[in-house]
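Read through the structure below, which is laid out as C-alpha cells, and then see the notes.
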Amino acid sequence: MVEDRASIAGLGYEQVRPGMVRPELDGKKVWLYGWAHEIRDLGSLFFIVLRSWDGICQVTFSRSTLEKVYLEALDSLTRESVVRVWGTVRVAPQSRLGVEVKGEGIEIVARAVEKLPYDVTGKVSASMTTRLNYRVLDLRKPVNTSIFLIADTVFEAIREFLRVQGFIEVRTPKIIATATEGGAALFKVDYFGKSAYLAQSPQLYKEELVTVFERVFEIAPYFRAEASHTRRHVSEFTSVDIEAAFMNYEDVMRVLEEMVAYVIKRVVEDRRRELELLGVSLRPPKTPFKRITYDQALKDLEELGHHKSWGGDLETPDLRHLAKKYTGFYFITHFPTAIKPFYIQPDSMNPQVSESFDLMYQWLELASGGTRISDPALLRRRLEEQGLNPESFKHHVEVYSYGMPFHAGWGLGFERLLMVITRLTNIREVILYPRDRFRLTP
RNA sequence: GCCUGGGUAGUAUAGCCAGGUCUAGUAUCGGCGGCUGUCGCCCGCCGGACCCGGGUUCAAAUCCCGGCCCAGGCGCCA
C-alpha cells in the first residue's frame, strides 16, 4: 500500500501538476495535488477531473482493483475538495483529454462542504454579485483564473519593457496630506488625529523624482471616492505611471504605444492557453497608433452629426460616437488647457491648448499624459488659475526652484488595459477583489 | 449627486403586465439507490424559494406605499 509521500517517492512516483499530464508522460508513475473539479461516479468506474491553476486532468479509478480505504475516500469525496492522488499516466483515446491518470490511490487532503454556494464548473451561470460574494470559488473557474495569469504576464512585460528603456521602479506614498490635483473626490483617513487622504495618483511625487532618477515608473493602487457606478469605474484601481526628464509629450506617447504593443505581443506568445479559454483572438497592434487632435475630434463629431462647442471635455457619448470612426488604439492630443490639471504644459505657440494626450481604445480611455510644466512661476500661476491654494503645494513648488528639467509622463489604467486584452466589459472581472461604491467585502 | 431597471430554493431562471387549479414550474445542486468509459454522464426516488414591513381585495409571488439590498447608465475619471 502506498501511504505517504516518502514511500511514493521510494517507489518511483514523481510529483506533477494537473496541467502537466500529457500523452508524453505515458506509463509514468505520478502523484499530484488538485481540487476535485468534477466527479462522475459510474458504479465500477469513477472519474475525477482534477484541477489546479495550470490546467485539468482526469483521474480514473476502477473500483474492483481499489483497496478499501481508497474506496471509502471516493465515496466521501465532494466537489472542490483538495485531494492527493497517485497512479500511472496513460494515453486514453476514450477520454476527451486524450490522456488520464489511472488512479491507484487517493487521499482527501481538505474536504469541501457538500453544498457549495457557487458552481465552479459553470453549468449554472452566476450574477456578478454572486461571483464577487464567493470570489475565491469564482476565481477557481479556469476562465477566470486565466484573466489573472494574463495579468501576471502584463505586469512582467511592463516592468521588463520600462527597465530596458532606463526607467527605475519607485514607490511613492499612498497616504497623503493634501488633495494632490483637485478634482477627484478623495477618501479621508484619520492619521494620528490629523486629516489625511488616500492618494488618487502619484503625480506630484513622480515629477519630483525625475530630478533624481530622470526616468521613473510606478505600478500601484490609487483611490477615488467618486460615486460612479459603471462597468469601468472602481474606487481602488491600479495605475501604471511613468515620468521622464528630457522628454516631451510626443516622446512619452511613443514609450506608451511601444509598451502597449510589447505587452500584447508577450501575452499572445506566453498565454495562448489562457486566451483560448477566454475565447479571445488577440493580435499585437501596429505602431505608431493613430493620432488626432482635440480640434479634429470636434470636426469628426460635427461630421457625425453631433455638434460640440470648443472648450468642453469630450464626454462619454462623444467618445462613443468617435469610436465609430476610430477603432482600436488611438491618441487624442492637444486638449484645451483649461480642462486639464494645473501641471500640464500649455502649448508655447497657442497656450489655449495643452501638450496633452489621452490614449483611447475605441471609446474607453486607457491613459492620459502630457508634457509637464517645469517653470515654477508658471506652475504657481496655473495653480491659482485652477482655484487651488499655492500654500498647500508649497513643498512641491519649492522643488521646481532646485533644478527641474523639462519632463513628461502618463498614467495608464492597468485594469482598463486588461479589459481590452481580455475583451471583458466589466472592470470588476479583472480585479481580484474589486472595491466599488457599494462593495467593501470580500 | 442625478436617472433607469430589478430582488422567487445554494445557484440560475419561469410565473408578475391582464390577482384565483401556484399545493409556485424548470435546470443545476444536495441526499439515497442503480450503472465498467464518463467527459455539461445517464436513470429513478427524495429535499429546498416568493427581500422586509404596511395597505388594497373574498383572494397577493402578482397591484399600491415605505424600507433595505443589487445591477446599469450619466456626470467625473484610469
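Every chain is numbered from 1 and lettered A, B, ... according to where its sequence line falls, protein lines coming before strand lines. In what follows, every heavy atom counts, from backbone to side chain, and hydrogens, waters and symmetry copies are set aside.
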With the side chain defined as heavy atoms from C-beta on, A:P117 is closest, among B:G72, B:G10, B:G37, to B:G10
Base, sugar-phosphate or nothing for A:E415? Non-hydrogen atoms, less than 4.0 Å.
nothing
Could you tell me whether A:E100 and A:R90 make a salt bridge, using a distance below 4.0 angstrom between a side-chain N and a carboxylate O?
yes
Is A:H233 side chain donor-acceptor paired with the B:C76 base, going by distance under 3.5 Å alone?
yes
Please confirm whether any donor atom in the side chain of A:R224 sits under 3.5 Å from an acceptor in the base of B:A78, or the reverse.
yes
Base, sugar-phosphate or nothing for A:F438? Non-hydrogen atoms, less than 4.0 Å.
sugar-phosphate
When the P atoms of B:A12 and B:C70 are compared, how many Å lie between them, rounded to an integer?
15 Å
For residues 322-331 of chain A, please give each side-chain donor-acceptor pair under 3.5 Å, one per line with the distance, not counting sequence neighbours.
unit_1	atom_1	unit_2	atom_2	d
A:K325	NZ	A:D300	OD1	2.8
A:Y326	OH	A:D300	OD2	2.4
A:Y330	OH	A:Q362	O	3.1

Distance between the P atoms of B:C77 and B:G53, in whole angstroms?
45 Å
With sugar-phosphate taken as primed atoms, P, OP1 and OP2 and all else as base, the protein-contact string of nucleotides 40-45 of chain B at under 4.0 Å (heavy atoms; B, S, -) is BB----
Does any N or O donor sit under 3.5 Å from an N or O acceptor when you compare the side chain of A:T316 with the base of B:G73?
no
Is the aromatic ring of A:F237 within stacking range of B:A78, meaning centres under 5.5 angstrom and planes under 30 degrees?
yes
Can you list the stems that RNA chain B is part of, where a stem is at least 3 pairs in a row, each Watson-Crick or G-U, with both distances below 3.5 Å?
B:1-7 with B:68-74, B:10-13 with B:25-28, B:29-34 with B:42-47, B:51-55 with B:63-67
Does A:E100 contact B:G37 through a side-chain donor or acceptor facing the base, at a distance under 3.5 Å?
yes
Any N or O donor-acceptor pair under 3.5 Å from the base of B:C77 to the side chain of A:R416?
yes
What integer number of Å spans the P atoms of B:A60 and B:U21?
11 Å
Going by the ring-ring contact (aromatic ring centres under 6.0 Å, His included) test, name the single residue among A:Y70, A:W31, A:Y33 that passes it with A:W86.
A:Y70
Taking atom C1' in both B:G67 and B:A9, compute the distance separating them and give it to the nearest angstrom.
25 Å
Has the side chain of A:R437 got a donor or acceptor that lies under 3.5 Å from a partner of the other kind on the base of B:G73?
no
